[in-house]
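Worth saying up front: this structure is predicted, and the values here are computed from it rather than measured. Residue numbers start from 1 in every chain, and the chains themselves are labelled A, B, ... in the order their sequence lines are given, proteins ahead of strands.
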Amino acid sequence: MSQNLKIASWNINSVRARLDIVTRFLTEEAPDILCLQETKVMNDAFPGGIFRQMGYNHQVLHGQPMHHGVAIVSKIPIREDDRLDWQANGEARHVGVRLDNGVRLENVYVPAGGEVPDHTVNPKFGQKLAFVERMIEWSSKLDKPTILTGDFNIAPLECDVWSHKQLIDVVSHTEVECELLARLQASHNWVDIGRHFHPAPTRLYTWWSYRARDWAASDRGRRLDHMWISPELLDNAVSHRVAEPCRNWARPSDHAPLVTEFRF
DNA sequence: ATGTCACAGTAACTGTGA
């Protein structure tokens, strides 16, 4: 007996400010599980009742005041596995759960890394690199089929940004970041499910700055959000797409959701 | 490219992070 499972991931840029669009998304898309990043809310102020009304009765929250914060809401049982602190500074950037079928689901919000891609003058950039280094140590020891998703804040391929030439020195697309992400991918032979279903150089942006006068017309996007799976799950993956229209909804997040369907 | 968001502290702004 096979089970269909739809998993979505969305950097929501404040879950409270986005209640209208997140509920619209759940109504239209009806994923079984939604991974959120940048919830920007403490756990006791998380609008869990709204999600419960929509059938998302299983919720694992890892929030903090003001910044960052991740959460997983689900229609099917999820059991909390861990909440790791890959920066060792107390920020809420990861939560991992286990599904009843034994698959792990890891939801991560990698640090943006500040403006200047030089850790000697910008400590945030160093923290971002250290964060991913610790992820590599963790990832290389994983021994269960795992789905790793979230806002990685790195656009790894030339076709993952609107201009490779103009962004090569911009944090999110620098050589050191792209190499680090490649090492993370190699550490578990992760399958980049976005590129599995939409091979390079297909345009597959997930983020567009708020600062553009017309985000869609200029289309200066980057692929910062990702869903990776253990190789043994590849046969279970049915489809994957970026729900780009959500970027055009009223009071949008600057990220669009990822939607992946599995069959187990 | 100083453009646009959200949050919190202090009271219509400023600072921070993105």
Sticking with atom [atom1], work out how far [N] lies from [M], rounded to a whole angstrom.
N	M	atom1	result
B:dT2	B:dA18	C1'	14 Å
B:dA6	B:dT10	P	22 Å
B:dT14	B:dA1	C1'	23 Å
B:dC7	B:dA11	C1'	16 Å

Could you tell me whether [X] and [Y] have a side-chain N and a carboxylate O separated by less than 4.0 Å?
X	Y	value
A:Arg104	A:Asp81	yes
A:Asp85	A:Arg134	no
A:Asp235	A:Arg263	no

(message) If you count every heavy atom of other residues, nucleotides or ligands that lies below 6.0 Å from A:His198 atom NE2, does the total exceed 12?
(response) yes
(request) Quick one: label A:Arg93 by what it contacts on the DNA or RNA (base, sugar-phosphate, nothing), any heavy atom closer than 4.0 Å. (result) sugar-phosphate
(request) Have a look at A:Arg220 and say if it touches a base, only the backbone sugar-phosphate, or nothing, with a 4.0 Å heavy-atom cut-off. (result) base
(request) Report the residue (A:Tyr210 or A:Met66) whose heavy-atom-nearest nucleotide on DNA chain B is the more 5′ of the two. (result) A:Tyr210
(message) On DNA chain B, compare the nucleotides closest to A:Ala17 and A:His67; which residue's is nearer the 5' end?
(response)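 It is A:Ala17 whose nearest nucleotide is closer to the 5' end.
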Donor-acceptor pair between [X] and [Y] side chains, under 3.5 angstrom:
X	Y	answer
A:Asp254	A:Trp215	no
A:Ser187	A:Trp138	no
A:Arg222	A:Ser172	yes

(request) Taking heavy atoms of chain A and a 4.0 Å limit, find me the 5'-most and 3'-most nucleotide of DNA chain B within that range. (result)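 From 5' to 3', the first and last contacting nucleotides are B:dA1 to B:dA18.
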Proximity to DNA chain B (any heavy atom under 4.0 Å), residues of [range] only:
range	value
residues 152-163 of chain A	none
residues 244-259 of chain A	A:Arg251
residues 111-124 of chain A	A:Ala112, A:Lys124

(message) Show every ring-ring contact (aromatic ring centres under 6.0 Å, His included) that has at least one partner inside residues 2-23 of chain A, sequence neighbours left out.
(response) A:Trp10-A:Phe25
(message) Tell me whether the rings of A:His188 and A:Trp190 are parallel (<30°), tilted (30 to 60°) or perpendicular (>60°).
(response) tilted
(request) Give me the ring orientation class for A:Trp86 and A:His94: parallel if the planes are under 30° apart, tilted from 30 to 60°, perpendicular past 60°. (result)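 Tilted.
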(message) Using the salt bridge (Lys or Arg N to Asp or Glu O under 4.0 Å) criterion, which residues pair with A:Glu29? Sequence neighbours excluded.
(response)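 Partners of A:Glu29 by the salt bridge (Lys or Arg N to Asp or Glu O under 4.0 Å) criterion, ordered by chain and then number, come out as A:Lys6, A:Arg241.
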(request) Quick one: pull up CD in A:Gln64 and CE in A:Met42 and give me the separation to the nearest 0.5 Å. (result) 10.0 Å
(request) Kindly state whether the ring of A:His226 and the ring of A:Phe152 have centres lying under 6.0 angstrom apart. (result) yes
